[in-house]
Amino acid sequence: MNKKLIVFGTRPEFIKLIPIILEIKKQELEKDYLTVFTGQHHELTENLFEEFSFVPDISIPFVNEQNSLGFSFLPS
């Protein structure tokens, strides 16, 4: 079975997607979806994650060193 990705990285994106994510949980369809947080607004989304008891399946920490973009892949 193919999984569907829900990818977001900013606080506004998470706010828009949380009703969909909650409905997926309500209907017990979590096995069909994979949530990926790309981490652009990590500090701004932490409190929302706690408020909704949400943990993304994959977190990709956003790294900005010397004005360049790079990604460091760590397990969630």
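FYI, the numbering just counts along the sequence from 1. Note that the structure is predicted; figures quoted are calculated from it, not measured.
- A chain of hydrophobic side-chain contacts below 4.5 Å, direct or via other Ile, Leu, Val, Met, Phe, Trp or Tyr residues, connects Ile58 to Val7.
- Note that CD of Gln40 is 10.5 Å distant from CZ of Phe8, once rounded to the nearest 0.5 Å.
- Scanning for side-chain hydrogen bond (donor to acceptor under 3.5 Å, both in side chains) contacts around Thr10 gives Glu13, with sequence neighbours left out.
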Could you pull out every donor-acceptor pair under 3.5 Å between side chains of residues 14-36 and any protein atom, sequence neighbours left out?
unit_1 : atom_1 : unit_2 : atom_2 : d
Glu23  : OE2    : Gln27  : NE2    : 2.6
Thr35  : OG1    : Asp57  : N      : 2.9
Thr35  : OG1    : Asp57  : OD2    : 3.2

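- For residues 45-54, the pairs satisfying side-chain hydrogen bond (donor to acceptor under 3.5 Å, both in side chains) are His42-Glu46, with sequence neighbours left out.
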